[in-house]
Participant: 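Here it is, the structure in full.
All ligand and atom numbering here is 1-based and tracks the order in the structure. The first residue of the sequence shown is numbered 1, and numbering continues consecutively from there.
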Amino acid sequence: MTEQITDLSKLNVLVFGGTGGLGRAISQNLASRGAQVTVIGQTFRDSDIKNINFIKTDLSSIKSSQNLAHELDVTNVDLVLFTTGILASKQKQETSEGLEKDMAVSYLNRLSILKILLPKLPKSTNHGFKGSRIFIMGFPGNNQLGSPKDLNQDETYHYWTTHMNTVAGNESLVTSLSKTYPQVKIFGLNPNLVKTNIRSNLFGDGYLGTAFESVLGWFTNTPEQYANVITPLLVSPELNDDDGGFYNHKGQKIPGSKGLDKEYADEFIDASVEVLKKKGIDV
Ligand SMILES: NC(=O)c1ccc[n+]([C@@H]2O[C@H](COP(=O)([O-])OP(=O)(O)OC[C@H]3O[C@@H](n4cnc5c(N)ncnc54)[C@H](OP(=O)(O)O)[C@@H]3O)[C@@H](O)[C@H]2O)c1
């Protein structure tokens with residue numbers, strides 16, 4: 001995946017979570033090469049870049065996420081990235097819809113949005129892709145299968161179990177939906193550890209969080225370095241002949257988690273749909 005990127009002026013991109021961290025760095029990188037990028041999040045930080053537009057949405061609300069997905073015109077969309085995320089906090093947090101917050105922000109909104117967008121996305125794109133490309137960022141390939149029996153952590157709560165449910169859920173989205181919607185290409189991205197804002201909901205903005213991120217920054221890529229590596233992969237012609245799967249922080253293909261096959265992924269998605277149904281949300 002080492003081809004030079006030339007002109008991305010025909011490329012239309014949607015980035016859920018493109019207002020901060022890795023999604024923002026990728027959005028800026030694509031925009032600097034001419035792409036038209038729409039970022040979705042809570043706080044717009046790139047109003048000075050003319051080819052980045054902003055849609056303000058609280059993606060912790062599944063109903064707001066679904067409304068947005070219905071409204072979006074995706075006829076000309078080449079790439080859709082999902083980079084929205086938080087880490088679960090030590091005490092369980094619930095959204096106004098009764099969902100555990102990390103599950104809602106980092107996973108369930110993606111499931112809900114994808115169910116609406118996938119049938120609408122083009123089978124071939126102006127930029128020349130065979131099918132729109134979806135990139136789901138998470139932590140795939142780490143053998144995390146989650147706990148599908150108590151996905152909303154109503155019986156017991158631990159922040160790590162909860163976050164690993166979001167990890168398994170995002171990997172399941174790639175494995176399950178790429179077989180169900182073969183007209184589009186669905187990939188999973190594992191960025192490895194990068195210094196961003198992702199851990200603030202767990203550590204808070206105090207000393208511990210700042211110290212952790214500082215130390216992390218000594219050893220790992222910056223978001224901009226990660227974006228520089230991954231952008232060529234996102235637009236690579238080689239992905240036209242790839243039928244989905246997972247890519248690491250170097251843009252190399254990696255295997256999925258052991259035991260997370262299509263059957264397991266389908267069951268995980270079904271269990272997630274049930275969680276939403278219990279809260280009165282149809283997917
Ligand atoms: N960084 C890492 O070390 C690491 C490692 C493995 C996997 N990942 C995964 O990579 C992805 C990106 O993480 P990151 O490190 O870039 O995190 P980040 O810096 O915290 O960025 C998260 C993004 O999510 C958005 N967001 C959070 N809550 C939202 C809400 N309620 N409504 C709308 N948008 C919301 C933020 O937008 P606003 O600022 O506008 O709210 C921001 O754009 C996540 O899926 C994460 O799990 C990251």
Participant: Do Q28 and D46 have side-chain atoms, one donor and one acceptor, less than 3.5 Å apart?
Facilitator: yes
Participant: Is it the case that E97 and S61 place a side-chain donor and acceptor less than 3.5 Å from each other?
Facilitator: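 Yes - a donor-acceptor pair under 3.5 Å links their side chains.
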Participant: Side-chain donor-acceptor pair under 3.5 Å between D150 and Y157, yes or no?
Facilitator: no
Participant: Do S65 and N109 pair up side chain to side chain, a donor and an acceptor below 3.5 Å, judged on atom types alone?
Facilitator: no
Participant: Just wondering, more than 12 heavy atoms not from K10 lying within 6.0 Å of its NZ?
Facilitator: no
Participant: Strictly distance-based, threshold 3.5 Å: is any side-chain N or O of Y181 a donor or acceptor partner for the main-chain N or O of K115?
Facilitator: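 No; zero donor-acceptor contacts below 3.5 Å.
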Participant: Hey, which residues fall under 4.0 Å of ligand 1 on heavy atoms?
Facilitator: G17, T19, G20, G21, L22, G41, Q42, T43, R45, T57, D58, L59, S60, T83, T84, G85, V105, R110, M137, G138, F139, P191, N192, L193, V194, T196, N197, I198, R199
